[in-house]
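All residue numbers in this chain count up from 1 along the given sequence. When a ligand or atom number is given, it counts from 1 through the structure's own listing order.
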Amino acid sequence: MRDREGLNPTGSSKDCVTNNRRIIVKVPASTANLGPGFDTLGMALSLYSWIEMSVPRTGETVIDLVGDGWAGIPLDKSNLIYKVAQLVFAEAGVEVRELYIAMYSDIPLTRGLGSSATAIVGALAAANALIGSPLSDDRLFQIATKLEGHPDNVGASLFGGIVVSAWDGKRAEMVRLEPHSDLEVLVAIPAFQLSTEKARDALPSQIVRTDAVFNVASSSLLVAALASGNLELLGYAMRDRIHQPYRAALIPGMTEILDKATDYGALGAALSGAGPTLLALVDTNSLRKAELERFLVRTLAKEGIQAETMWLKPCGAGPQISVLQDRETGGSLLERIKGEVKA
Ligand code: HSE
């Protein structure tokens, strides 16, 4: 995790209650599963959320959601970011009851791009930085995995790059892979939301052995291909039999896109996380990018689904933390990040 302005990692927790720091954390979106690696594989993407956190000098907690798309998100102490921050303080043995929190996000909510994982990781990183970073990245990973219920999105947002992870319900382990420099990511984001809960409810509780073997083989091959830079294998290795087929009815057009994306120049394609976003991995030198993008948009449009496309890169870094020593300086969150946001 990068600390851009030299936070003292050994800052004492006693300082924290009176500290004047203002923390701004930039956290990458993520795509989970990459096809066969259900609840296991994740990759950070060059699309971001920003969370600001400080201790208000006087008064009570204020939660400021900047920009559009936040309908239904609570602005009181039931807010996820506030609650996650309190977990960090409790674990560190400090008390910080009132917080100023601001958030801005370019990551659409409930579309399979890890927005909730970004909020969890951003809140953990910001709260930890606010009190002098007493908790290790591993500790933050354990907390994030438990909160999210699986390590794939939170691992990618926390460590950047491609993260291969496992969780046995007690402890999560991970290995980070550096994404190949030629990898580019096309996402088609349908104009409808799909909750992870609904997309998980569509899955069977048991699978047959042949499908289990198919996925073990595909996921293993995919990790080996990504680790060794063998991008030609991605189309073969990204096939899945344990979640995508069951989710297909929730995302009309998905099956055709997954079956044919390689015919239109993709290296491989998958449902992004629980969906509904569809993702194609592409060689950045490909001359067929526009053709592939048209195929995705046209296939979804045939089903009456409008979709926004974005060309992204794998993001190599986890949270980037800025520590301003004086909470009164530096302008609003949006003023500080305006050169970096999409809009
Ligand atoms: N691995 C998760 C799933 C990601 O596919 O349900 C979504 O949060």
State if R247 counts as touching ligand 1 under the rule of any non-hydrogen atom under 4.0 Å.
-> yes
For D240 and N215, test the side chains for any donor-to-acceptor distance below 3.5 angstrom and give the result as yes or no.
-> yes
Are side-chain heavy atoms of L278 and M254 found at a separation under 4.5 Å?
-> yes
Go through ligand 1 atom by atom and flag the ones less than 4.0 Å from a non-hydrogen atom of N153.
-> 4 (C), 7 (C), 8 (O)
Spell out, as yes or no, whether a donor-acceptor pair under 3.5 Å connects the side chain of S286 to the backbone of V282.
-> no
Output the list of atoms in ligand 1 that are nearer than 4.0 Å to some heavy atom of D152, sorted by atom number.
-> 1 (N), 2 (C), 4 (C)
Would you say E148 and ligand 1 have an N/O pair spaced under 3.5 Å apart?
-> no
Do the side chain of T196 and the main chain of A274 share a donor and acceptor less than 3.5 angstrom apart?
-> no
Check each of L271, T196, N33 against atom 5 (O) of ligand 1 and report the one with the nearest heavy atom.
-> N33
Residue pair E293, W311: steps toward the side chain to side chain donor-acceptor pair (under 3.5 Å) verdict | CA-CA 9 Å; E293 187 172 346; W311 284 94; 2.7 Å; yes
If you scan protein heavy atoms around atom 3 (C) of ligand 1, the nearest is R200 NH1, 3.2 Å
Within the 4.0 Å heavy-atom cut-off, what E197 brings close to ligand 1 is neither
F38 neighbourhood, listing ligand 1 atoms whose heavy-atom distance to it stays under 4.0 Å = 3 (C), 5 (O), 6 (O)
Do the rings of F141 and F159 sit parallel, tilted or perpendicular, given the 30° and 60° boundaries?
-> perpendicular
Near A274, which atoms of ligand 1 are under 4.0 Å from a heavy atom of that residue?
-> 5 (O), 6 (O), 7 (C)
Quick one: does H150 get a heavy atom under 4.0 Å from ligand 1?
-> yes
Interfacing atoms of ligand 1 (cut-off 4.0 Å, heavy-atom, D39) | 1 (N), 2 (C), 3 (C)
Between R239 and Y236, is NZ or CZ placed under 6.0 angstrom from the six-membered ring centre and within 45° of the ring axis?
-> yes
F214 ring centre to R241 NZ or CZ under 6.0 Å, with the angle to the axis within 45°?
-> yes
